[in-house]
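What follows is one structure encoded as structure tokens, with my remarks underneath.
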Amino acid sequence: MAMIWEEAFTRSAGIAWKDNGKAIEGILHINTLDALKRFLDVVHIKYCLLKPYFENENYPLVESRELLPSFEVDLFEFKELPGFSMVAFERPIDSLHEIFQFDRVHNILDLPETSGGVACPLLNTVGAQNLQTFRSRLPRKSHEKFMQQFGGKDISYLEHYPVLLEYLLQLERGQVMSTDRNGEFYLSGVYASFPSDLDSEIKRFGFKIKKFRPGDNCLYERNRLFVYQFLMELYGFPIVSERRTSSALFSRRLFRMGERFLIRVLGQSDRTITTLYSHPRAKHYPRAEKVALVSVDKEQKEALAILKRDGFFVDEEKRVIILRILYKQHRFNPFNVREDRALSVLRQEVIHPLTGEVLSDLNIIKDTYNMILRLTDIVRGEYMGIITFKRQEIVKDTDTHDKRLKFLYSWLSKHQRRIIGYSDEFYAGVVKALDSYLLNPDNYDTFNDLHDLYQEVWAKYSYIQQARKVKLLEDLLDREYKGKKVSYLEMLQVMTDVLNDLKFEIVNYFDELVGNVLAIGEQILSDRYLLRNYFEKEDDELTEYGKKTKKLYSRLVSLLDEFRSIRKSRRERNPAPALTTAM
């Protein structure tokens, strides 16, 4: 059974509702950024997600996979759905010295002629000026209704904000909130333009992570898209609209300035509320989170039972919940086989639609069982859905081999980092599903006709196979193997075994993976403990354990020389390095 949107959060603490749950009763006093965020969570979820869901029969729910990094390019724009951007500062606005443009909305406490909120003749003047400022940015058709609803009211106060949203959502540009002289938040600006120096930010970041070099145009052209994508993903977005791009880069700038701020964006295409905000534990980047309406897979029976029992469904028949994802950002590491991983999921929270209570112990979007089921449906041609193939072509369903291969390419690209890092059991399921299709003799004639596309899928698959081995080598740097601590002897034994296998698999050659292998190997070879206690000692000084360790060390030197030879040979045959496959 579905609720109605007016009921949303009517049992939550801290906010009293009137007009059957459509407006706020009483006066709000919000004086911290955390409190403002909680207030905005309630209002934006209620008015910008739930209200449209119940008013649009075919509301496009967000697929849970869309909330997993890396984020995909939007397929459609739903112009009938709300979209907005906003910024909030935990300080008073200083109009002349702000680094962005907006139309000022004044609170009576902004003015030096007032003292401590005492009523004065200016009150009506300030309120009227705010109304005029706001109305001037509204479409003409909304002027009369707006003035009838808000005439004589001060729209800067937050208790008016939920009802005012109907009109704020009609404005093309951003909202601004800040504190007054009493430290309480209010609406202090509209029609804001967030600065976006995209070119400089991409180049600065590219040089910082050594993907660009001064004067090297070829390197810039090869890596520009990778740098752009990584930079945007750090802030929770794919390469998308100007609204979300400018919001991401504005948050980057504010964070570097040490501001206490919150930036929030709702895209009409992604139907997802994305929030970027400063946090005491966020040392390098602002915190990132997303909220969307998601339908839980019917196969997640245990989760469905809990959600039903505790009343977390927005619409039980369609299994719709309010899902919030909190992300963890990762600084770029060129020696990590998953170097394109800018974000990972830190926590999942299901929000109760009536009380606002949070349930955080369910795995809704990272369910490996459902990932394998989806992959199986794709290779069998039974998957019904839509993907964007290489950001260029929209593909619906999997009823032909051409479509299946395009879905597989997109699925492998989307989940590449997870397949590389997840358990052997999960990977075995992936291998079983892929091999049953890609190596099926009955499909060979079809794959010959689709040769280029088939090879692209196979290259993705081969990259993942090799990258999992390189990931093992990365773990061995810390003398860890499959979650357990190992000795130096065991470390070298596993490393030489992996390299020996990998040597015969690089028929499909990926320069960046070979580069990672060499970098990891060099770190092992330069380990002072190994050198001092084994390699630099004479055999008669060593125990049996030490002799085995020294022998494996020498074997590792030999294997790395073979990899260098392979790399040199490949580069001589193909001087221009290929584009990064992981992209």
Does the side chain of [X] pick up a donor-acceptor pair with the side chain of [Y] at under 3.5 Å?
X	Y	result
S178	S188	yes
S193	R173	yes
R418	H415	yes

Charged N to carboxylate O under 4.0 angstrom, K18 versus E25?
no
Salt bridge flag under 4.0 Å for residues K79 and E77:
no
Got a sec, which residues hit side-chain hydrogen bond (donor to acceptor under 3.5 Å, both in side chains) with [X], two or more places apart in sequence or on another chain?
X	answer
D397	none
Q149	Y167
T10	none
E289	K37, Y277

Quick check: closest heavy atoms across [X] and [Y], and the distance to 0.1 Å?
X	Y	answer
Y285	A282	O-CB, 3.1 Å
P162	I24	CG-CD1, 3.4 Å
V176	A192	CG2-CB, 3.7 Å
Q170	E166	NE2-O, 3.3 Å

Between F261 and F89, is a ring-ring contact (aromatic ring centres under 6.0 Å, His included) present by the stated rule, with each step listed?
CA-CA 5 Å; F261 73 93; F89 298 95; 7.5 Å; no
Under the criterion side chain to side chain contact (heavy atoms under 4.5 Å, CB included), I'd like the reasoning laid out for L168 against F84: C-alpha separation, chi angles, the key distance, then a yes or no.
CA-CA 8 Å; L168 285 166; F84 70 87; over 6 Å; no
Is there a donor-acceptor contact under 3.5 Å from the side chain of [X] to the main chain of [Y]?
X	Y	result
D154	S156	yes
K141	L138	no
Q148	H143	no
T133	Q129	yes
R264	I273	no

Chi angles and distances behind the side-chain hydrogen bond (donor to acceptor under 3.5 Å, both in side chains) call for R11, T355:
CA-CA 5 Å; R11 299 182 200 165; T355 67; over 6 Å; no
Residue list, side chain to side chain contact (heavy atoms under 4.5 Å, CB included) with K210, at least two apart or on another chain:
none
Partners meeting side chain to side chain contact (heavy atoms under 4.5 Å, CB included) with E80 (sequence neighbours left out):
N56, F78
Enumerate, atom names and distances included, each donor-acceptor pair closer than 3.5 Å involving a side-chain atom of residues 292-299, sequence neighbours excluded.
{"from": "S295", "atom 1": "OG", "to": "K318", "atom 2": "O", "distance (Å)": "2.8"}
{"from": "D297", "atom 1": "OD1", "to": "R374", "atom 2": "NH2", "distance (Å)": "3.4"}
{"from": "D297", "atom 1": "OD2", "to": "R374", "atom 2": "NH2", "distance (Å)": "3.3"}

Is the shortest side-chain heavy-atom distance between [X] and [Y] below 4.5 Å?
X	Y	answer
V87	F194	yes
S344	P69	no
K153	F150	yes
H330	F230	no
I387	K414	no
Y186	I155	no
L171	F134	yes
L234	F205	yes

What verdict does the side chain to side chain contact (heavy atoms under 4.5 Å, CB included) test give for S360 and Q348, after you've listed the backbone C-alpha separation in whole Å, the side-chain angles of each residue and the deciding distance to 0.1 Å?
CA-CA 6 Å; S360 58; Q348 305 177 42; over 6 Å; no
Should R38 and S12 be marked as a side-chain hydrogen bond (donor to acceptor under 3.5 Å, both in side chains) after you check the CA-CA gap, both sets of side-chain angles, and the distance that decides it?
CA-CA 11 Å; R38 289 193 294 271; S12 62; over 6 Å; no
Face-on cation placement of K406 at W411 ring, 6.0 Å and 45° thresholds
no
Just wondering, are more than 12 heavy atoms of other shown residues or ligands nearer than 6.0 Å to [atom1] in [X]?
X	atom1	answer
R91	CZ	yes
E55	CD	yes
D94	CG	yes

Just jot down the salt bridge (Lys or Arg N to Asp or Glu O under 4.0 Å) partners of [X], sequence neighbours excluded, or say none.
X	result
R256	E201
E357	none
K390	E456
K22	none

Is the centre of the [X] ring less than 6.0 Å from the centre of the [Y] ring?
X	Y	value
Y191	F102	no
Y409	F407	no
H279	F255	no
Y327	F71	yes
F9	H352	no

Steps toward side chain to side chain contact (heavy atoms under 4.5 Å, CB included) verdict (L165, C48)
CA-CA 9 Å; L165 259 178; C48 301; 4.2 Å; yes
dist T275:OG1 -> M86:CE (nearest 0.5 Å) comes out at 9.5 Å
List the steps, then state whether side chain to side chain contact (heavy atoms under 4.5 Å, CB included) holds for L81 with R271.
CA-CA 8 Å; L81 297 181; R271 296 95 65 211; 3.6 Å; yes
Residues pairing under salt bridge (Lys or Arg N to Asp or Glu O under 4.0 Å) where one sits in residues 129-138, two or more places apart or in two chains, turn out to be D103-R137
Would you check, one step at a time, whether the test ring-ring contact (aromatic ring centres under 6.0 Å, His included) holds for H44 with Y161?
CA-CA 10 Å; H44 288 152; Y161 182 75; 5.8 Å; yes
